Trainee: 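If you scroll down you'll find the structure; I have some questions about it.
All values reported here derive from a predicted model rather than from experimental measurement.
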Amino acid sequence: MAGPISEMKRVYNYVAPKSPSELIDCSSFTIDFENRKFLNMGFEPNNQFDIVLQIITPSRYVNISSDFLKRIFSLMGNILSHILDPAVKYKKIIFLECELVLITSMVYKGEHVLVIESKEINGCRI
């Protein structure tokens, strides 16, 4: 007879989430397993085989092109100085925008956070 549940050892196998759209040669990365946040990167066959980064949360995802990702990295110093400065009062700032993605800041649970929002899918932001 098995002992109490607390004595039983459970083994959990990691299963990467399925990509919202099929990517070719896809690599998956875990950002935060407990909160189910993942990155998928690969070639998107529906978009001239461009390299796409998908940021996936339990209920939403956003696709970012490699060119847009380069633009984000060029602004990373400004983005981090705003988000990490506790003295800054909340003011929504648009850091970067293109026809597909909008990057802003907001206060969530008392902290400044970076928001990446898809302009293709209404209400899809992470």
Side-chain angles (χ1 to χ4, degrees):
M1 183 167 185
I5 294 176
S6 62
E7 293 179 6
M8 294 176 59
K9 290 187 177 184
R10 294 187 181 186
V11 177
Y12 295 98
N13 291 326
Y14 168 73
V15 177
K18 185 175 181 201
S19 175
S21 62
E22 291 301 317
L23 298 177
I24 297 173
D25 198 22
C26 182
S27 296
S28 298
F29 303 93
T30 303
I31 297 173
D32 183 353
F33 184 76
E34 183 177 313
N35 292 313
R36 303 292 189 244
K37 296 179 183 174
F38 304 93
L39 292 177
N40 286 346
M41 187 168 43
F43 296 100
E44 187 175 35
N46 299 333
N47 194 11
Q48 299 178 349
F49 296 99
D50 286 339
I51 297 173
V52 172
L53 174 71
Q54 295 176 332
I55 304 171
I56 303 170
T57 64
S59 61
R60 302 176 179 131
Y61 73 95
V62 175
N63 288 342
I64 299 176
S65 71
S66 59
D67 291 333
F68 195 74
L69 193 59
K70 289 176 190 175
R71 292 173 62 194
I72 293 170
F73 284 129
S74 70
L75 296 172
M76 196 53 68
N78 293 335
I79 292 170
L80 289 175
S81 66
H82 172 75
I83 290 175
L84 297 176
D85 188 357
V88 174
K89 295 292 182 188
Y90 174 69
K91 180 181 176 185
K92 182 177 180 176
I93 294 178
I94 296 175
F95 293 111
L96 197 53
E97 182 175 11
C98 75
E99 62 277 354
L100 303 175
V101 181
L102 174 68
I103 298 183
T104 61
S105 66
M106 69 177 285
V107 174
Y108 179 72
K109 295 184 179 180
E111 294 184 30
H112 290 272
V113 295
L114 186 65
V115 178
I116 302 172
E117 185 172 355
S118 172
K119 293 171 94 178
E120 294 178 300
I121 303 170
N122 191 21
C124 195
R125 69 181 188 174
I126 54 173

Trainee: So how far is it from F38 CZ to I31 CD1, rounded to the nearest 0.5 Å?
Mentor: 9.0 Å
Trainee: What's the verdict on side chain to side chain contact (heavy atoms under 4.5 Å, CB included) for M106 and T104, showing C-alpha distance, side-chain angles and the deciding distance?
Mentor: CA-CA 7 Å; M106 69 177 285; T104 61; 5.7 Å; no
Trainee: At what distance, to the nearest 0.5 angstrom, does CZ of F95 lie from CE of M76?
Mentor: 9.5 Å
Trainee: Might you point out which heavy atoms bring L69 and I64 nearest each other, and give the distance in Å?
Mentor: N-CG2, 3.9 Å
Trainee: Would you check, one step at a time, whether the test side chain to side chain contact (heavy atoms under 4.5 Å, CB included) holds for V101 with I103?
Mentor: CA-CA 7 Å; V101 181; I103 298 183; 4.2 Å; yes
Trainee: With clusters defined by side-chain heavy atoms of hydrophobic residues (ILVMFWY) lying less than 4.5 Å apart, directly or transitively, does L80 cluster with F73?
Mentor: yes
Trainee: Give me the atom names and distance for the closest heavy-atom approach of I79 to I72.
Mentor: CD1-O, 4.2 Å
Trainee: Please evaluate residues D50 and E44 with respect to the criterion side chain to side chain contact (heavy atoms under 4.5 Å, CB included), reporting the C-alpha separation (whole Å), side-chain torsions for both, the decisive distance (0.1 Å), and the verdict.
Mentor: CA-CA 6 Å; D50 286 339; E44 187 175 35; 5.6 Å; no
Trainee: Restricting to non-hydrogen atoms, name the atom on F68 and the atom on E97 that form the minimum distance, rounded to 0.1 Å.
Mentor: CE1-C, 4.3 Å
Trainee: Of the non-hydrogen atoms in H82 and S105, which two are nearest, and what is the gap between them?
Mentor: NE2-OG, 3.2 Å
Trainee: Answer yes if L100 and I94 sit in the same cluster of Ile, Leu, Val, Met, Phe, Trp and Tyr residues linked by side chain heavy atoms under 4.5 Å apart, and no otherwise.
Mentor: no
Trainee: Just checking, any donor-acceptor pair under 3.5 angstrom between side chains of N40 and S28?
Mentor: yes
Trainee: Could you see if V113 belongs to whatever hydrophobic cluster contains L102? Use Ile, Leu, Val, Met, Phe, Trp, Tyr and a side-chain cutoff under 4.5 Å.
Mentor: no
Trainee: Check whether NZ of the Lys or CZ of the Arg R36 lies under 6.0 Å from the centre of the six-membered ring of F33 and within 45 degrees of that ring's axis.
Mentor: yes
Trainee: Report the distance from atom NE2 of H112 to atom CD1 of I83, rounding to the nearest 0.5 Å.
Mentor: 9.0 Å
Trainee: What is the distance from atom OG of S65 to atom NZ of K70, rounded to the nearest 0.5 Å?
Mentor: 9.0 Å
Trainee: Measure across C98 and K119 and return the closest heavy-atom pair with its distance rounded to 0.1 Å.
Mentor: O-NZ, 3.1 Å
Trainee: When rounded to the nearest 0.5 angstrom, what distance separates CD1 in I55 from CG in L39?
Mentor: 6.0 Å
Trainee: Output the distance between atom OG (S118) and atom CG (N63), rounded to the nearest 0.5 Å.
Mentor: 7.5 Å
